[in-house]
Amino acid sequence: ATMPVISAEKDDVDVIADFLKEATTYRPSILVVCGSGLGSLSKCLENTITIHYNDIPRFPKSTVVGHAGELVFGEIGGVQVVCMRGRFHTYEGHDIRKTTLPIRVMSLLGVKFLIVTNAAGALNETYNVGDVMIMADHLNMPGLAGKHPLVGPNDDRFGERFTPLSDAYDVKLQNLAWRMAKQHNMTDKVRRNGVYCFVSGPTYETPTECRLLRLVGGDSVGMSTVPEVIVARHCGMKTIGLSLITNKVVMPGTQRTAIPASHQEVLDAALATQTQLENYVKDLMVAIGTG
Ligand code: CYT
């Protein structure tokens, strides 16, 4: 009974990849997934070709404000890059495998590196709004309970049945991101060795949930990124993850004075850091693509 579902998914990936190969001659080595309010990361690309998700057959539709819903192909410093402006979340109602379908599509186009970004809340009390956290590890809360993008028959074309995640976040790329932070005089706001906690949303976390995540070593929390990283690792891409800290979470006992998280606050924080982050990620793209 599972057969039609699997073949349909495999079919979608091929149809979309074939469509994109016809639509552009770009064969990017880097995919940048732009988080909430971070769509402007595509602005540093030159000679761009923009393709709206709505114009791509069988591509999922993006429904969140602050996510444009388009692919931007372009180049920078001789490196070909594709940016996803707008990603898919399970809280929109998409099947978890649908949220990661673009990763496999890009793998068929030849992408070797994933730069994944997100807007996240700070669990780590030393983090400030506007900080950029270099991901070193993640906690996949839905995944531990079986909501995981690789559940189902394995598609051997992409990778093996059992994928290790102890090396999910490439150490060399993390070190590169840190050197880049030094070059950009951003060491006061770039945080190394961060642990990102993936929760399903769409509600923000309760204070007790935040305490749970903090107690096991979480530094930031958000509703994306981890499914994409898992599928990217399954098909052998090297991955770097960056969390833009957009708010501080509310811990138990502090609800009286703290401000509840809001989507507007998340978008405002992203806007405030935009230009600096654009320049930082631009140099990161060039260094990764030429390195
Ligand atoms: N903030 C955010 N939780 C938060 O507190 N951006 C995502 C999830």
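Counting convention: from 1, in listed order, for ligands and their atoms alike. Only heavy atoms go into these numbers, but all of them, side chains included; no hydrogens, no water, no symmetry mates.
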Check: Would you say the side-chain atoms of S243 and N118 include a donor-acceptor pair closer than 3.5 Å?
Finding: yes
Checklist line | Contacting atoms of ligand 1, where contact means under 4.0 angstrom from a heavy atom of E205 | finding: 3 (N), 4 (C), 5 (O), 8 (C)
Notebook entry, point to check: Do side-chain atoms of E22 reach the backbone of F19 as a donor and acceptor pair under 3.5 angstrom?
Noted result: no
Notebook entry, point to check: Can D156 and R161 be counted as an ion pair, charged N to O under 4.0 angstrom?
Noted result: no
Margin query: Looking at K189 and T187, would you say the former's side chain and the latter's main chain have a donor-acceptor pair under 3.5 Å?
Written below: no
Item checked: Side-chain heavy-atom pair T117, V132 within 4.5 angstrom cut-off -> no
Notebook entry, point to check: Relative to the heavy atoms of Y204, which atoms of ligand 1 are at a distance of less than 4.0 Å?
Noted result: 1 (N), 2 (C), 3 (N), 4 (C), 5 (O), 7 (C), 8 (C)
Next item on the list: For T246, take its heavy atoms, then give the atoms of ligand 1 lying under 4.0 Å from any of them.
Entry: 6 (N)
Checklist line | Nearest protein heavy atom with distance in Å, relative to atom 7 (C) of ligand 1 | finding: V221 O, 3.6 Å
Item checked: Closest protein heavy atom to atom 2 (C) of ligand 1, given as residue, atom name and distance to 0.1 Å -> G121 N, 3.5 Å
Notebook entry, point to check: Considering only heavy atoms of A119, which atoms of ligand 1 have at least one such atom less than 4.0 Å away?
Noted result: 6 (N)
Margin query: Need the ligand 1 atom indices (1-based, order shown) with element for anything under 4.0 Å from a heavy-atom of G222.
Written below: 7 (C), 8 (C)
Notebook entry, point to check: Considering only protein heavy atoms, which is closest to atom 5 (O) of ligand 1, and at what distance to one decimal place?
Noted result: N247 ND2, 2.9 Å
Notebook entry, point to check: Is the cationic atom of R191 (NZ for Lys, CZ for Arg) positioned less than 6.0 Å from the six-membered ring centroid of Y127 and within 45 degrees of its normal?
Noted result: no
